[in-house]
2 protein chains.
Amino acid sequence: MSCETDTIETVRNSDQRMTPQRLLVLSAIRHSGEHININQIHAQVKKAYPIINISTIYRNVAVLKELRLISETYKTDGETLYEWIGDHTHMHMMCRDCNDMIEIDDKYLDSFKKDIRDDFGFNIDIDHLAISGLCKPCKQLEQVGYDN
Amino acid sequence: MSCETDTIETVRNSDQRMTPQRLLVLSAIRHSGEHININQIHAQVKKAYPIINISTIYRNVAVLKELRLISETYKTDGETLYEWIGDHTHMHMMCRDCNDMIEIDDKYLDSFKKDIRDDFGFNIDIDHLAISGLCKPCKQLEQVGYDN
DNA sequence: TTTGCACCTGCATTTTTTTGCAATAAGCAT
DNA sequence: ATGCTTATTGCAAAAAAATGCAGGTGCAAA
Ligand SMILES: [Mn+2]
Ligand SMILES: [Mn+2]
Ligand SMILES: [Zn+2]
Ligand SMILES: [Zn+2]
């Protein structure tokens, strides 16, 4: 795993240790398509290390989240997803009706982010932003009165 | 509970029923200060109806959330909070270090919301918006290098 | 009022997530 | 290399959340 060198440093520089288990969890998330849940991480890690316990997955995900190497997203349908935070910074819009998630460039947040920082001193984490609402098709269905 | 008449109508108009248990859950959330968790709701409802089961709380909270009468917020420290959605629409900024939550007027979101609707047709739910980041004091501590 | 049906509840159980603990091992300093 | 300190792991057990089911009940239509 040569592409993880700087990540390994990040972990080590924070009084945490880089174990084989932790590296496998980290790689599973990093090299998954994009979003991955706990069971998928567990299944993936098991391929290389079958004895690993699910609690180790939970605990490592918590550590990586704390270090802001990964993000945690609660989907509108209840599923919790993890994602690698690299240089591809973006946010998500999640539809509360069809549960679809679309990816949105974080440039859309620039002005809002600035206002909040200027007026409150609060610094928004764009990497951890998932916003719920109604997507275009679902909104149209609602207006036709097709649903409620 | 005379102040719940329109709420009762909302529930009844959606092919769901208004049971005493549901009304108690609803009132507990509505009349709590602002944010309340599952156990607090359970404790509150028990005062009037001691036999109620915790699973009834979980199920009713899910229904009220689906009807958009209440919002569900995952705090940065893991706690899940519920809140009545009335006319006092607002959003929250949650600090990932000190877990403090500040309330912010939704006017700050107007421009962002419009951009997203114009460009993607996606309609953001302001009532369900809680954004994580670093609050002012925590940001200052970080810059001094006091923490990491 | 009475009836009927779909929704709800309580309870038991299952599933998911968290936690305590003793053994192990990472990483720093000899 | 070797030894120390302390984070981390696997396992078991606890706690939290979700679910199946049989009986109960809201409520709309007679
Ligand atoms: Mn993403
Ligand atoms: Mn609030
Ligand atoms: Zn949708
Ligand atoms: Zn803070």
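In what follows, chains carry the letters A, B, and so on, assigned in the order in which the sequence lines appear, proteins first and then strands, with residues in each chain numbered from 1.
- As rounded to whole Å, 16 Å separates atom C1' of dA12(C) from atom CD1 of Ile54(B).
- The base of dT9(C) does not come close enough to the side chain of Arg59(B) for any donor and acceptor atom to sit less than 3.5 Å apart.
- Proximity of a side-chain donor or acceptor of Arg22(B) to a complementary backbone N or O of Arg17(B) within less than 3.5 Å is detected.
- Residue Ile52(B) is in sugar-phosphate contact alone, with no base atom involved, counting any heavy-atom pair closer than 4.0 Å across all strands shown.
- Axis angle, first five pairs versus last five pairs of the helix from dT1(C)-dA30(D) to dT30(C)-dA1(D): 40°, rounded to 10°.
- Residue Arg12(A) places no side-chain N or O under 4.0 Å from the OP1 or OP2 atom of dA26(C).
- At dT9(C), one or more side-chain N or O atoms of Asn60(B) fall inside 4.0 Å of OP1 or OP2 (strictly under the cut-off).
- No hydrogens or angles considered: a donor-acceptor pair under 3.5 Å links the side chains of Thr7(A) and Arg30(A).
- Look at Lys114(B) and Asp110(B) and you find no salt bridge, because none of the NZ, NE, NH1 or NH2 atoms lies under 4.0 Å from a carboxylate O.
- Side-chain contact annotation: Arg68(B) with His128(B), donor-acceptor N/O pair under 3.5 Å present.
- Side chains of Glu79(B) and His35(B): no donor on one and acceptor on the other come within 3.5 Å.
- When the P atom of dG27(C) is taken as reference, atom CE of Met18(A) falls 8 Å away, rounded to whole Å.
- Separating the CD1 atom of Ile57(B) from the P atom of dA16(D) is a distance of 15 Å, rounded to the nearest angstrom.
- Dashed line: the shortest gap from a side-chain N or O of Tyr49(A) to OP1 or OP2 of dG10(D) is under 4.0 Å.
- Atom pair Arg22(B):CZ and dT25(D):P shows a separation of 15 Å (rounding to whole Å applied).
- For Gln16(B), no side-chain nitrogen or oxygen approaches OP1 or OP2 of dG26(D) to under 4.0 Å.
- In this structure, OH of Tyr58(A) is placed 18 Å from P of dA15(D), rounded to the nearest angstrom.
- The side chain of Thr19(A) contributes an N or O atom lying less than 4.0 Å from OP1 or OP2 of dT9(D).
- Relative to the side chain of Ile51(A), the nucleotides dC7(C), dG10(C), dG10(D) differ in distance, and dG10(D) lies closest.
- Within the 3.5 Å criterion, the main-chain N or O of Met94(B) finds no donor-acceptor partner in the side chain of Thr76(B).
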